[in-house]
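Reviewing the structure listed below.
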Amino acid sequence: MNAKTSLKTTKSSLPPTPYYLLDEAAIVANMQIIARLCELSGAKALLALKCFATWGVFDVMQPYLHGTTSSSLNEVRLGYETFGKGKDSDNEKETHAYSVAYSTDEIDEVLSYADKIIFNSISQLNVFKEQAAEKGIPVGLRLNPKTSNSSFIIADPARPFSRLGEHDKDKIAAVLSDITGVMIHNNCENDSFEAFSDSLADIEARFGDVLAQLEWVSLGGGIHFIAPDYPLEKLATRLKAFSEKYEVQVYLEPGEASIHGAGSLVTSVLDTMHNEKNLAVVDASIEAHMLDLLIYRESAPIAAINKESINILPVDMAKTADVVDNTIIYGRSCLAGDIFGEYALPNQLQVGDKIAFGNAAGYTMVKKNWFNGVNMPAIVIRRLDGSIDVQREFDYQDYKASLS
Ligand SMILES: Cc1ncc(COP(=O)(O)O)c(C=O)c1O
């Protein structure tokens, strides 16, 4: 985005649709769960910026988290400037740096922001370890346990021929004197404590000798411990026992868990049509504004219609070919499959109706794009005191500046 041309406003009334609406109270509710997990287990929690980097709400997250983790130079800089020591040199928040691959021309800058740096491979470790040592930055290595809890091959770090981390224990043992910790990320929206615990046991069986020689172990993100019936205490006990057994500081890198259920994408119906089923077209796009749903072939829940809170889950389109009363809500891009979902609605939609799609905070704003030149949703924050901040609006100049 072009910071010069973006409109930074703090209006108190809602802007025209589309807009992402973040609810600080819902974020804090998630934060309190994370803080309890940390308190019970001794783990430290770092916000994964790849999932959520809307720094306009970081002030309410900061008291509960221990810092941020990143996947690029831009993310580590953002974490440093908005959450870490760049914001306030006295603050204790850590800024972790990780990338699938760093380039030689960015490493010095990355190190200038990082409290720890994690390399994805032994070759990257060997190229950059001296520079990290000169700056006194602790170094880690990403391990790949070759097993995972991910039901999507595209998001599976343990997929065949994966480039995400080192798996050969002998090679890892040979570089132990260069590292103080490791990062392992092999869960994806995993809501089963048993599956997490079993996979941690696999990791222990595979890498136990290595772990015992380290100071810290990051277990990545993807643990869905904010689900209402998740056994948080069991997870805490498991993490504490792991930390004590290997005498390591455990880190967690929650992305989705930090903001799950705390945001919606508010849209308006622009048109309705009929083609064997009811169709509606809204003023946003799944491809441009909730891209993950398209990638993972999922649909969006509806959180509100015309400001009335409701929870309407999408139906499985593969099973509803002959349910003619249902409504398919489309995005306004030209992609034929730009579909928010199919729904059994209480009333037929009308032009002008406002639809808020739920769970639109994670992996949405960090992935938004200008496909078809569709209007970019504003970013709106409902503060803890209930007031509304229109934090950022985007216009034609932002679209134009993003292209040349
Ligand atoms: C290394 C790493 N850490 C943390 C996360 C955050 O995962 P989630 O948002 O599922 O918690 C990811 C997600 O891909 C990741 O790759």
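Just follow the structure's listing: the first ligand is 1, and inside any ligand the first atom is 1.
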Starting from [atom], locate the nearest protein heavy atom and write down its residue, its atom name and how far away it is, to 0.1 Å.
atom: atom 5 (C) of ligand 1; result: H185 CE1, 3.6 Å
atom: atom 9 (O) of ligand 1; result: Y363 OH, 2.6 Å
atom: atom 11 (O) of ligand 1; result: G222 N, 2.8 Å
atom: atom 16 (O) of ligand 1; result: K50 NZ, 2.9 Å

Pair Y251, E94: side-chain N/O donor-acceptor within cut-off below 3.5 Å: yes
Verify the distance criterion only: is there a donor paired with an acceptor across the side chains of S218 and E253 at less than 3.5 Å? yes
Could you say whether the N/O atoms of [X] and ligand 1 ever approach to under 3.5 Å?
X: M183; result: no
X: N187; result: no
X: E253; result: yes

Could you tell me if the side chain of D202 sits less than 4.5 Å from the side chain of P145, heavy atoms only? no
Quick one: are L291 and L294 in side-chain contact, heavy atoms under 4.5 Å? yes
May I ask you to check if K93 and F58 form a cation-pi contact, with NZ or CZ under 6.0 angstrom from the six-membered ring centre and within 45° of the axis? no
Are D271 and R332 close enough, and set up right, to give a salt bridge (Lys or Arg N to Asp or Glu O under 4.0 Å), and what steps lead you there? CA-CA 10 Å; D271 197 7; R332 75 189 302 195; over 6 Å; no
With a 4.0 Å heavy-atom cut-off (strictly under), which part of E189 contacts ligand 1: side chain, backbone, both or neither? neither
Using the six-membered ring wherever Trp is involved, compare the ring planes of F357 and F340 and label them parallel, tilted or perpendicular (cut-offs 30° and 60°). parallel
What atoms of ligand 1 come within less than 4.0 Å of a heavy atom belonging to E256? 8 (P), 9 (O), 11 (O)
